[in-house]
*Asks:* 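This is the structure I have questions about; it appears just below.
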Amino acid sequence: MLPWRRIRRIRKTQTRTLLPALALAVAATAATPTAALATDTASEAVSSGWNNYSCKPSAQHPRPVVLVHGTFGNSVDNWLGFAPYLVQRGYCVFSLDYGQLPLVPLFHGLGPIDQSAKQLSSYVDRVLAATGAAKVDMVGHSQGGMMPRYYLKFLGGAPKVNALVGIAPTNHGTTLSGLTKLLDYFPGVGDIIAKGAPGLMDQVVGSDFLRRLNEGGDTVPGVRYTVISTKYDEVATPYRAQFLSGPNVKNVVIQDLCATDISEHVTIGLTDGLAFHEAVNALDPEHATPTTCASDD
C-alpha cells in the first residue's frame with residue numbers, strides 16, 4: 001500500500017507506478033509469503049491430508065468441505081493453516097485453484113469472477129462424485145468468501161451447498177480505505193487493470209459484477225451463511241461491508257469474541273485460531289462451543 005505522503009505527489013505521468021499499487025490494493029485477499037513454496041500443489045496438499053479424493057465423509061462430518069482461496073492466493077498457500085486444522089478434526093477437505101491468468105503461476109483469483117464461479121461449479125461436482133455426498137460446505141477467504149455466492153445464485157449451486165462461511169469476504173466490495181477512489185483521477189487506468197486482471201475490478205465497490213450479485217438480496221434459500229470479520233481489516237473495507245443480510249445469516253466480528261485479537265485481512269484467514277474455531281462452529285453448529293481468547297489452539 002502506498003504511503004499517504006506519496007499518494008499526494010502522484011500525477012498522471014506516474015500511472016505506471018500507480019497501476020501495480022492499485023492492482024494490489026483492490027485485491028481482496030492474501031498474497032501469502034509461502035507462495036514460492038507451492039511447486040507441487042497437488043502432492044503437497046494430499047501429503048497434508050487434504051485433496052484426498054479417496055476420503056469418505058464420516059457420520060460425524062457428513063459433508064466434505066471445499067476451501068475457496070482469495071485473490072492472489074492458490075489452493076495450497078491460502079490454506080496451510082486451516083486445511084490441516086479441519087483434517088485433524090475429521091473432515092474431508094478439498095481446495096481448488098480458480099481465476100488463473102495465462103503466464104501467471106501461483107497467484108490466482110485474477111480472472112472474471114463469474115467465470116471463476118463456473119470453475120467452482122465444476123469442482124463441487126467433482127468433489128460430490130468422489131465422496132458420494134449430497135452436499136458440500138464451503139469456507140472461503142476474501143474473494144473466496146464472496147465468489148461462491150454467484151455460484152449459489154446464478155449457477156444452480158444452492159441445492160449442492162449446505163453452508164457458506166466467508167472469512168473477511170468482499171461481499172459488497174471494497175474501498176480499500178479509500179484508495180480505490182484514486183481511479184477517478186486517472187481515466188483509463190481502471191480499464192487497463194480490468195483488461196489485465198478483471199477479478200480485481202469486479203471487487204471494487206459499485207462494480208457491475210457486485211451490483212448484479214447483490215441485487216434482490218444477499219442470500220438464497222436453503223443455505224446457511226456465516227461471515228467472520230476483523231475490525232482491523234485493511235483490504236476489505238469498510239469491514240462491515242462484508243456482512244450479509246437475510247435469513248440464515250450470522251455475522252461475526254472476531255474482536256467481539258476476543259478483544260485482544262489483532263488479526264487483519266491476511267492473518268484472519270491464514271493463522272487465526274479464533275477464526276478457525278468459529279468457522280468450525282459454523283460447519284457443525286450442533287456441536288459448537290463458545291469462541292473465546294482461549295480458543296486459539
Side-chain angles (χ1 to χ4, degrees), residues 41-69 73-98 119-141 144-145 148-149 151-152 156-167 169 220-228 248-250 252 257 268-292 294-297:
T41 296
S43 62
E44 183 172 351
V46 171
S47 68
S48 300
W50 86 92
N51 283 346
N52 178 0
Y53 289 89
S54 65
C55 185
K56 299 300 180 183
S58 65
Q60 184 178 4
H61 302 303
R63 291 175 299 275
V65 180
V66 173
L67 304 179
V68 190
H69 67 74
N74 62 57
S75 61
V76 172
D77 291 346
N78 216 141
W79 304 115
L80 289 173
F82 188 53
Y85 183 95
L86 289 176
V87 170
Q88 290 168 7
R89 285 156 179 78
Y91 289 88
C92 291
V93 182
F94 301 88
S95 60
L96 77 157
D97 288 307
Y98 70 86
Q119 291 179 271
L120 176 63
S121 177
S122 297
Y123 189 76
V124 169
D125 288 346
R126 178 185 177 189
V127 169
L128 292 176
T131 60
K135 293 187 176 185
V136 302
D137 289 324
M138 289 186 183
V139 180
H141 180 216
R149 293 178 48 228
Y151 163 62
L152 298 176
K160 302 175 184 179
V161 178
N162 172 68
L164 171 61
V165 181
I167 301 176
V220 297
V223 179
R224 291 189 292 105
Y225 297 83
T226 301
V227 173
I228 304 171
N248 296 321
V249 169
K250 181 181 181 182
V252 179
L257 306 177
I268 194 174
L270 293 184
T271 62
D272 193 320
L274 276 70
F276 295 175
H277 186 270
E278 191 64 14
V280 168
N281 279 348
L283 296 176
D284 188 10
E286 293 183 0
H287 299 96
T289 58
T291 300
T292 68
S295 300
D296 193 1
D297 54 0

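Just the heavy atoms: all of them, side chains too, but no hydrogens, waters or symmetry mates, feed the values below.
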*Asks:* Would you say Val136 and Val65 make side-chain contact, with heavy atoms under 4.5 Å?
*Replies:* no
*Asks:* Rounded to the nearest 0.5 Å, how far apart are NE2 of His287 and CG of Asn281?
*Replies:* 11.5 Å
*Asks:* Hey, do the aromatic rings of Phe94 and Tyr53 have their centres closer than 6.0 Å?
*Replies:* yes
*Asks:* Drop me the distance from Asn51's CG to Leu96's CG, to the nearest 0.5 angstrom.
*Replies:* 9.0 Å
*Asks:* Tell me yes or no: between the side chains of Asn162 and Asp137, is some donor less than 3.5 Å from an acceptor?
*Replies:* yes
*Asks:* Is it true that atom NZ of Lys250 has more than 12 heavy atoms of other residues, nucleotides or ligands lying nearer than 6.0 Å?
*Replies:* no
*Asks:* What I'd like to find out is whether the side chain of Pro169 reaches to under 4.5 Å of the side chain of Val227, using heavy atoms alone.
*Replies:* yes
*Asks:* Indicate whether any N or O donor in one side chain lies under 3.5 Å from an N or O acceptor in the other, for His141 and Asn78.
*Replies:* yes
*Asks:* Using every non-hydrogen atom in the two residues, find where Asn248 and Val223 come nearest and quote the distance to one decimal.
*Replies:* CB-O, 3.6 Å
*Asks:* Give a yes or no answer on whether the side chain of Tyr123 reaches the backbone of Ser95 with a donor-acceptor pair at less than 3.5 Å.
*Replies:* yes
*Asks:* Please examine the side chains of Asp125 and Lys160, heavy atoms only from C-beta on, and report whether any two atoms are closer than 4.5 Å.
*Replies:* yes
*Asks:* Where do Gly90 and Ser58 come nearest, in terms of heavy atoms and distance?
*Replies:* O-OG, 4.2 Å
*Asks:* Think Arg89 forms a cation-pi with Phe276, using NZ or CZ under 6.0 Å from the six-ring centre and within 45 degrees of its axis?
*Replies:* no
*Asks:* For Glu278 and Val165, run side chain to side chain contact (heavy atoms under 4.5 Å, CB included): C-alpha distance rounded to whole Å, both residues' side-chain angles, the deciding distance at 0.1 Å, then the answer.
*Replies:* CA-CA 10 Å; Glu278 191 64 14; Val165 181; over 6 Å; no
*Asks:* Under a plain distance cut-off of 3.5 Å, with no hydrogens placed, do Thr292 and His277 share a side-chain donor-acceptor pair?
*Replies:* no
*Asks:* So Phe82 and Trp79, would you call those rings parallel, tilted or perpendicular, with 30° and 60° as cut-offs?
*Replies:* tilted
*Asks:* Shortest non-hydrogen contact from His69 to Ser75?
*Replies:* CD2-N, 3.8 Å
*Asks:* Looking only at atom types and distance, does a side-chain atom of Tyr91 sit under 3.5 Å from a main-chain N or O of Arg63, one as donor and one as acceptor?
*Replies:* no
*Asks:* Do Leu120 and Val68 touch side chain to side chain, with heavy atoms closer than 4.5 Å?
*Replies:* yes
*Asks:* Got Val66 and Val93 here, is their nearest side-chain heavy-atom distance under 4.5 Å?
*Replies:* no
*Asks:* So which heavy atom on Ser295 is nearest to which on Leu274, and how close?
*Replies:* C-CD1, 4.4 Å
*Asks:* Nearest 0.5 Å, please: how far is CG in Leu128 from CZ in Arg126?
*Replies:* 12.5 Å
*Asks:* Would you check if Leu164 and Arg149 make a side-chain contact, meaning some heavy-atom pair closer than 4.5 Å?
*Replies:* yes
*Asks:* Shortest non-hydrogen contact from Ile167 to Val139?
*Replies:* CD1-CG1, 3.9 Å
*Asks:* For Gly49 and Val87, which heavy atoms make the closest approach, and how far apart are they?
*Replies:* O-CG2, 3.4 Å
*Asks:* Under 4.5 Å between any side-chain heavy atoms of Val161 and Lys135, yes or no?
*Replies:* no
